[in-house]
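What you see below is based on every heavy atom in this structure, not just the backbone, and it leaves out hydrogens, waters and symmetry mates. Both ligands and their constituent atoms are indexed starting at 1 by order of listing. Along the sequence shown, residues are numbered consecutively beginning with 1.
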Amino acid sequence: MKTESIPQINGKPVRYLRGIGPKRCDALRKFGIETLHDLFYLFPRRYEDRGQFKRIKDLRVNEFAAIKGKVITLGLRPMKRFTLFELVLEDESGSIFATWFNQPYLKKNFKVGDEVILSGKVDFYKRLQLTSPEYEILDGSSEDTTHTGRIVPIYPLTEGLAQRSLRRSMKELVDNYLTEIGEILPPAVAEKENLMPLADALKAVHFPVSLDEVARARYRLVFDEFFLLELEVLRRTKTERKKIKAHPIPVNDETIRQFKELLPFKLTNDQEKVVKESLDDLRHSYPMRRLLEGEVGSGKTVVAACLAYCVARNHLQTAFMVPTEILAEQHFLTLTKLLQKSNLRVALLTSSSIHRKEIIGRVKRGEVDIVVGTHALIQEDVSFRNLGFVIIDEQHKFGVRQRTLLLNHDTKPHLLVMSATPIPRTLGLTLYGDLEISVIRELPKGRGSIRTFWITRAKEKEVLRYIHDRVSEGEQAYIIFPIIDETEKMDLQAATTEYEKLRTGLFKGIPMGLIHGRLEKTARDKVMEQFQSGEIKVIVATSVIEVGIDNPRSSFMIIEHADRFGLSQLHQMRGRIGRGGQDAQCFLFGDPTTEEGKKRLRVLTKSNDGFKIAEEDLRLRGPGDFLGTRQSGVPFFRIADLIEDAPILARARRAADDILEADPHLRREENSKLIEAAKRYVTLLD
Ligand code: ADP
Ligand code: MG
C-alpha cells in the first residue's frame with residue numbers, strides 16, 4: 001500500500017483545532033469523528049441565509065430574518081422559573097427586543113453601543129421580538145462573518161457541542177487545513193462528470209457563497225459517496241467473485257423442457273426471464289450471486305424449483321433455506337408434489353425433524369438432491385456430499401452472516417436469495433450491490449383485485465359485523481394481530497383475548513381458529529388444515545401468516561394495530577387474500593397519532609404496487625427502519641439521500657463500472673487512491 005495515497009490530514013486528531021478540548025473531542029466521537037479529516041465530513045444539516053439584512057421596521061411575525069444594528073439597552077430579567085436576558089437593537093428604521101432564556105452569562109458578551117448582527121425567527125409575544133437569535137458582535141475582525149452576515153451552516157449537534165463553537169472550529173478547519181485535502185477521483189471521472197474539485201466542494205459545503213454553490217458542492221460529495229461505494233461492491237461482484245471457484249452447471253433446453261412438463265401451468269414471461277438470467281450465471285465456474293425479488297405469490301418458488309431441478313440433473317445438491325418451520329414444511333410439500341414425477345429426492349430438515357439424524361446422514365452421503373430447512377441447515381453437524389446451489393427465501397429475515405455460513409465451502413455453491421419485500425432499486429444497488437438483481441413483476445394470471453380500507457376505531461364494529469355476515473354466507477377471513485417478536489407475551493395475550501372475545505361474542509357460532517408461532521406443530525397443522533378445508537371460517541393469527549398459510553378461498557382480512565407493522569409487511573400480508581381469483585377486501589384497523597403514521601396507512605389504501613409502497617416506506621422511515629434491525633449491511637451515508645439522489649447513484653455506478661472494466665484491480669496510477677479512499681468512506685458492514 002502506498003503511503004502517499006493517504007492524505008496527511010487523515011491522522012491528525014481534532015484536538016489540533018483551537019477550542020477543541022477533551023470534552024468536545026468526546027462529543028465529536030459520538031458522530032464517529034476522530035480526525036480532522038473526519039471533521040470535514042461532518043456536514044451541515046441545513047443553511048440559513050443571513051446574508052441580507054432586513055430593516056427592523058419591515059420585520060413580519062414568523063419570518064426568519066437577519067438584522068444589523070446597535071445595542072441601545074440590555075439587562076437580565078428574573079422571572080418565576082427562569083431568567084431572561086434581553087437587549088434592544090436599533091437600526092436606522094426602528095428597534096426590536098431580542099430575548100434569550102436561561103443564558104444569563106450572555107450579558108457579559110454585549111455592551112451598549114456594540115454593533116451586532118442578530119438572526120432568527122421573529123416571534124410575537126406582546127410585541128415583535130427575536131427569540132434566542134444567533135448573534136455576532138462586530139468588532140471589525142475577520143471572524144465577524146462566521147456566524148452571520150452570510151449563508152451560515154447549521155450543524156447537527158449532540159450534547160457537549162454548541163452551534164457557535166462548532167461553527168467556529170469548522171471555520172478554522174476550512175481556513176487552515178483545506179490545502180491538505182487531496183483529490184481522490186481520477187481526473188477523467190471528475191472531468192466527465194463536471195465535478196467540483198474536492199477541496200473546493202468541502203469549502204463550499206461548510207461556508208458557501210451562495211446556495212447554488214452548496215448544490216454543486218453537495219453533488220460532488222454525494223457522487224463521491226456513491227462512487228466509492230459502488231466501486232467497492234462492483235469490485236466484489238466483478239473482480240473478486242471471478243476468483244472464486246464454483247461448479248459450472250450447464251443446462252440444455254431439453255432439461256428445461258422436462259421440468260416444464262412437471263408443471264400444471266405455463267411459466268409467466270417474468271419467470272422465464274429470471275430462469276434464463278440465472279442459467280446464464282450457473283454456467284460459469286465462479287458462483288452466481290443473485291437476488292430474486294417478487295411479491296408473495298408471484299411464483300418465485302417455482303423459479304427456484306426449476307433451478308434446483310437443473311442443478312440436480314448436474315448431480316449436485318441444493319440447500320433451500322427458509323426462516324420458519326411453517327414455511328419449510330410448505331416448501332417441502334410444494335416441491336415434493338411438483339417433483340413427484342421426476343426421480344429427484346427431496347428432504348425436510350428442521351430442528352424438530354424427528355428423523356433429523358437420518359436425514360443428515362442421507363444429505364452427507366449424497367442421497368438427497370434438494371434439502372429444505374430452517375437454520376437447522378447451517379448447524380455444524382450438517383455437511384453436504386456435493387453442494388452446488390443454495391437458495392435462501394425471505395432473505396431479509398436472515399443476517400448477512402448466516403448467508404455466508406452456507407457458502408463456507410472450498411468450492412462455493414451458487415446462490416439465489418429471494419425476497420418478497422420489494423426493495424427500491426437504489427437501496428438494492430447499495431445494500432445488495434454484490435448481488436445481481438432479478439425481478440418478477442407480473443403475477444400469474446387469474447388473481448383478483450384487493451381493495452384496502454383504513455378503519456378508525458369508531459368504525460371497527462361495523463366492519464366486524466360486515467365480515468360476520470359474509471362469513472356466515474360461507475366466505476373465509478383472516479384477523480391478524482401484530483406480534484413483532486414472538487417472545488412478546490403481551491402481544492400474544494392480546495391476540496388470545498381478542499380471539500376469545502370474538503368467539504363468544506360477535507362471531508358466536510362461527511367456527512374459528514387461533515394460530516401463532518408458539519403453538520405446537522400438531523395443533524397448528526390441525527388449525528391450518530381446517531382452515532384450508534373450509535371447516536374453520538375465521539382464523540385469528542399473529543403475523544406468522546405473513547409467510548405461512550396459502551388459502552385461495554379467503555377474501556377478507558382485518559389487520560389490527562396496522563400502524564405497528566411496516567408498510568411492506570402489511571402489503572405482503574394482504575397478498576394472502578384473493579388468491580383464488582376472487583375480489584378481496586383488506587381492512588386496516590389503527591389510529592396512528594402521528595401525521596406520518598396516517599400517511600403510511602393511506603399509502604396502502606391507494607396503491608397495490610409493492611415497489612411503489614416500498615419506496616414510500618423507505619421515504620417515510622429511512623433505510624435503517626425500512627430494513628428492520630435484523631438487517632446488517634445497511635449502508636451509512638454522510639450526505640447522500642437514497643431517494644432524492646437516485647439519479648446520481650446511477651451515474652456514479654456507471655462511472656465505477658467503467659473504471660473497473662478498464663482496470664479491474666485498480667492498479668493504474670490515477671486509480672491508486674481509490675481502494676484506500678473506499679475503505680475510508682464506505683461503511684459497508686460485513
Ligand atoms: P412465491 O414463492 O413468489 O410466493 P409461489 O412460487 O409459491 O410464489 O407461487 C404462488 C402460487 O402461484 C402457487 O400456488 C403456484 O403454484 C402458483 N403459480 C406459480 N407460477 C405460476 C404460473 N406461471 N401460472 C400459474 N400459477 C402459478
Ligand atoms: Mg414464497
Side-chain angles (χ1 to χ4, degrees), residues 256-257 259-278 290-310 318 320-324 326-342 346 348 370 372-373 390-398 416-423 437-448 450 478 528 531-532 543-554 557 568-582 584 608-611 613-614:
I256 298 291
R257 202 190 54 75
F259 174 78
K260 285 182 181 168
E261 270 186 4
L262 302 170
L263 294 177
F265 45 72
K266 268 185 67 175
L267 293 182
T268 63
N269 292 331
D270 276 1
Q271 284 171 321
E272 291 273 8
K273 180 196 71 182
V274 177
V275 166
K276 184 176 173 311
E277 286 168 350
S278 306
R290 186 167 287 278
L291 168 68
L292 172 54
E293 290 182 68
E295 307 210 358
V296 173
S298 59
K300 298 183 295 297
T301 311
V302 174
V303 169
C306 175
L307 300 177
Y309 180 88
C310 297
T318 293
F320 196 149
M321 187 159 83
V322 300
T324 66
I326 300 184
L327 201 56
E329 287 155 18
Q330 232 175 39
H331 278 353
F332 171 69
L333 289 178
T334 307
L335 291 176
T336 309
K337 213 168 104 192
L338 189 66
L339 300 172
Q340 72 191 5
K341 279 193 234 133
S342 75
V346 186
L348 174 68
I370 301 172
V372 183
V390 171
I391 302 164
I392 301 181
D393 200 8
E394 303 298 335
Q395 109 84 25
H396 61 286
K397 297 269 157 88
F398 294 100
L416 180 74
V417 300
M418 307 200 289
S419 174
T421 313
I423 296 148
I437 298 181
S438 289
V439 178
I440 302 184
R441 282 178 182 276
E442 169 195 22
L443 294 181
K445 294 211 171 42
R447 295 282 154 87
I450 303 173
Y478 295 98
M528 297 238 288
F531 188 58
Q532 215 72 321
S543 38
V544 289
I545 83 124
E546 182 193 341
V547 287
I549 315 161
D550 183 6
N551 176 349
R553 282 177 311 281
S554 311
M557 179 175 284
S568 294
Q569 212 186 348
L570 289 167
H571 176 65
Q572 207 168 324
M573 286 191 290
R574 72 178 171 185
R576 292 278 153 207
I577 52 175
R579 295 185 72 156
Q582 79 280 35
N608 261 323
D609 177 340
F611 275 89
I613 288 165

Participant: Going by the atom numbers of ligand 1, which of them fall below 4.0 Å from some non-hydrogen atom of Leu267?
Facilitator: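 Per the distance check, 23 (N).
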
Participant: Spell out, as yes or no, whether a donor-acceptor pair under 3.5 Å connects the side chain of Lys273 to the backbone of Val439.
Facilitator: yes

Participant: Of the backbone atoms (N, CA, C, O) and the side-chain heavy atoms from C-beta on, which set of Met418 has a member under 4.0 Å from an atom of ligand 1: side chain, backbone, both, or neither?
Facilitator: neither

Participant: Using a 3.5 Å distance criterion without hydrogens, assess whether the side chain of Gln582 forms a donor-acceptor pair with backbone atoms of Ser554.
Facilitator: yes

Participant: Please determine if Phe265 has a nitrogen or oxygen closer than 3.5 Å to a nitrogen or oxygen of ligand 1.
Facilitator: no

Participant: Show me which atoms of ligand 1 lie under 4.0 Å from any heavy atom of Thr268.
Facilitator: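 Going through ligand 1 atom by atom, the ones under 4.0 Å from Thr268 are 23 (N).
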
Participant: Hey, is Arg579 one of the residues with a heavy atom under 4.0 angstrom from ligand 1?
Facilitator: yes

Participant: Mark yes or no for whether Glu295, through its side chain, and Gly610, through its backbone, hold a donor-acceptor pair below 3.5 Å.
Facilitator: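 Here the side-chain-to-backbone pair exists.
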
Participant: Nearest to atom 6 (O) of ligand 1 by heavy atom, Asp270, Thr301, Leu443: which?
Facilitator: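 The residue whose heavy atom sits nearest atom 6 (O) of ligand 1 is Thr301.
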
Participant: Okay, side chain of Gln271, backbone of Gly299: is any donor-acceptor separation there less than 3.5 Å?
Facilitator: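 Here the side-chain-to-backbone pair exists.
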
Participant: Testing Ile440, Leu292, Leu291 one by one against Met418 for a side-chain contact (heavy atoms from CB on, under 4.5 Å), which residue passes?
Facilitator: Leu292

Participant: Can you find a non-hydrogen atom of Ser298 under 4.0 Å from ligand 1?
Facilitator: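 Yes; Ser298 lies near enough to ligand 1 that a heavy-atom distance drops under 4.0 Å.
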
Participant: Any idea which atoms of ligand 1 are less than 4.0 Å away from a heavy-atom of Lys266?
Facilitator: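 By the 4.0 Å cutoff, the relevant atoms are 22 (C), 23 (N), 24 (N).
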
Participant: Any chance you could measure Ile437, atom CD1, to Glu277, atom CD, to the nearest 0.5 Å?
Facilitator: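 Going from the CD1 atom of Ile437 to the CD atom of Glu277 covers 11.0 Å.
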
Participant: Using a 4.0 Å cut-off to any heavy atom of Glu295, which atoms of ligand 1 qualify?
Facilitator: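 Listed by number with element: 3 (O).
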
Participant: Taking all non-hydrogen atoms of both residues into account, name the closest pair between Asp270 and Glu442 and its distance.
Facilitator: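 That would be OD2-N, 2.9 Å.
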
Participant: For Gly299, counting its heavy atoms only, list the atoms of ligand 1 lying under 4.0 Å from any of them.
Facilitator: 1 (P), 3 (O), 5 (P), 6 (O), 8 (O), 9 (O), 19 (C)

